[in-house]
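Per chain, numbering begins at 1; letters A, B, ... match sequence-line order.
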Amino acid sequence: MEFIITTPSEFSFDLCAEFLRRSPRELLHQWEDGSVRKLLQLGDKHVLFELREAIGENFVPVEKGILVRVLNGTLDKEEQHQLIQYIRAWFDLDTDLKPFYSKMAGDKLLGNLVQKFHGYRIVGQPDLFESLIWAVLGQQINLAFAYTLKQRFVEQFGSHFEFNGKRYYTFPTPQVVARLTDADLLPLQFSRQKSKYTVTIGQAFANQSIVQGQLATLALADARDALMKIKGVGNWTANYALMKTFRYKDAFPAEDVGVHNAIRILRNAKAKPTVDQVRRLFRKYKGWEAYATLYLWKSLP
DNA sequence: CGCCAGGTTAGAG
DNA sequence: CTCTAACATGGC
């Protein structure tokens, strides 16, 4: 079965797809000649779907869209609705970027970037648990190595679904992760610190001291404080998750070395700004800190 | 080889 | 409250 999701004019499928392709070690979605594939679990059902840009004859009535194809069977009305909501959330399609773009027009740091990468959106992680674990894996190491760790983690402790001889993975569940030990994770080259944080987060979700649906109703500061009660979740990690999962537009990881380097390079400066300087600079992006962060990341080589 | 990497914590001062 | 060492190893 297939259908089309219409997209705002400030949306670039190519730029978002480029983000999804940035590591060959990613197992949670796959890129195949112009389309992205992903396995989603809707209740007990495995749904394998494929997205591509909707253009040409399959697509007359609207200007832009994403063509969605479900590869393994069909969905009922309710399931289709859930899949649409998932995709809209994944690509942040419900955010109106026009105010952001007019606010950034002429901005010293971001003015050029918002033109160059027009339509680029925060490709999210709708699952808070996955978002937090991924942030922990990325703490204080280079991104390439973080992807290596994630690949091993998902291969070992996630589940997979076979389709036409290929494996499609889902992220490990909190119940599984809560029971892991150093003996499971150190061989994957997790540091003791990452191992401990990972399991602690698994436990927080498994014992329901963190419930995504409850946090979703909170104001940014309250949600951040709740997340930071978990050992291993500092300000950077909490804000990263709030930005990628709940899409607070004013969340931003001020400690992020990528943001610091982007600012340094754009200013042609020798030294990176301090965290305080970044916070001060970001005052003028108030309300759009998450998107300012995204475009700064995008500016990095 | 040396420096840096999408940080966080515990402990010292 | 602020400052710092330790974490640990890949990537370049």
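Taking the six-membered ring where the residue is Trp, A:F117 and A:Y295 present tilted rings, their angle falling between 30° and 60°.
Spacing between C:dA8 and B:dG2 at atom P, rounded to whole Å, works out to 22 Å.
Two residues, A:V233 and A:A135, neighbour DNA chain B, and the one matched to the more 5' nucleotide by heavy-atom proximity is A:A135. Comparing A:G232 and A:G138, the nucleotide of DNA chain B nearest to each residue sits closer to the 5' end for A:G138.
Here C:dT9 presents its P atom at 8 Å from CZ of A:F145, a figure rounded to the nearest Å. Put simply, CG on A:D256 is 11 Å from C1' on B:dA5, counting in whole angstrom units. A straight line from CD1 of A:I133 to P of B:dG7 spans 17 Å, rounded to a whole angstrom. A:R192 has its CZ atom 19 Å from the P atom of B:dT9, to the nearest Å. With rounding to whole Å, A:K194 atom NZ is found 13 Å from C:dG10 atom P. The nearest whole Å value for the distance from the CG atom in A:N239 to the P atom in B:dG7 is 13 Å. As a whole-Å value, the separation of A:H260 NE2 from B:dG7 P is 8 Å. In this entry the distance linking CD of A:Q140 with C1' of B:dG7 reads 6 Å, nearest Å.
Within the nucleic acid shown, A:F190 has no heavy atom closer than 4.0 Å to any nucleic acid atom. Within the 4.0 angstrom heavy-atom criterion, no nucleotide atom of any strand lies near A:L149. Across all strands, A:Q193 comes closer than 4.0 Å to base atoms (heavy-atom distances).
No donor-acceptor contact under 3.5 angstrom links the side chains of A:Y285 and A:D250, judged on distance only. Looking at A:Y240 and A:N235, their side chains never bring a donor and an acceptor atom within 3.5 Å of each other.
Nearest nucleotide to the side chain of A:W236, out of C:dA8, C:dG11, B:dT8: B:dT8. The A:S191 side chain lies nearest to C:dA8 when the options are B:dT9, C:dA8, B:dG7. With B:dA10, C:dG11, C:dC7 as the candidates, the nucleotide lying closest to the side chain of A:N142 is C:dG11. Nearest nucleotide to the A:V257 side chain, out of B:dG7, C:dG11, C:dA8: B:dG7. When distances run from any side-chain atom of A:Y197 to the nucleotides B:dT9, B:dA5, B:dG7, the shortest one goes to B:dT9.
By the 6.0 Å and 45° rule, A:K244 does not stack over the aromatic ring of A:W134. In this structure, A:K249 is not positioned above the aromatic face of A:Y291 in the sense of NZ or CZ being under 6.0 Å from the six-membered ring centre and within 45° of the axis.
Proximity of A:N261 to the phosphate of B:dC4: no side-chain N or O atom is located under 4.0 Å from OP1 or OP2. For B:dA5, the OP1/OP2 oxygens have no side-chain nitrogen or oxygen of A:Q139 closer than 4.0 Å. Side-chain nitrogen and oxygen atoms of A:K272 include at least one within less than 4.0 Å of the OP1 or OP2 phosphate oxygen of B:dA5. The side chain of A:T148 contributes no N or O atom lying less than 4.0 Å from OP1 or OP2 of C:dG10.
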Go through it in stages, so that I can follow the logic: the residues are A:Y101 and A:H118, the test is ring pair (Phe, Tyr, Trp, His ring centres under 6.0 Å), and I'd like the CA-CA distance, side-chain angles, deciding distance and then a yes or no.
CA-CA 9 Å; A:Y101 286 150; A:H118 187 269; 4.8 Å; yes
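For a distance-only test at 3.5 Å, the side chain of A:Q189 fails to qualify as a donor-acceptor partner of the base of C:dG10.
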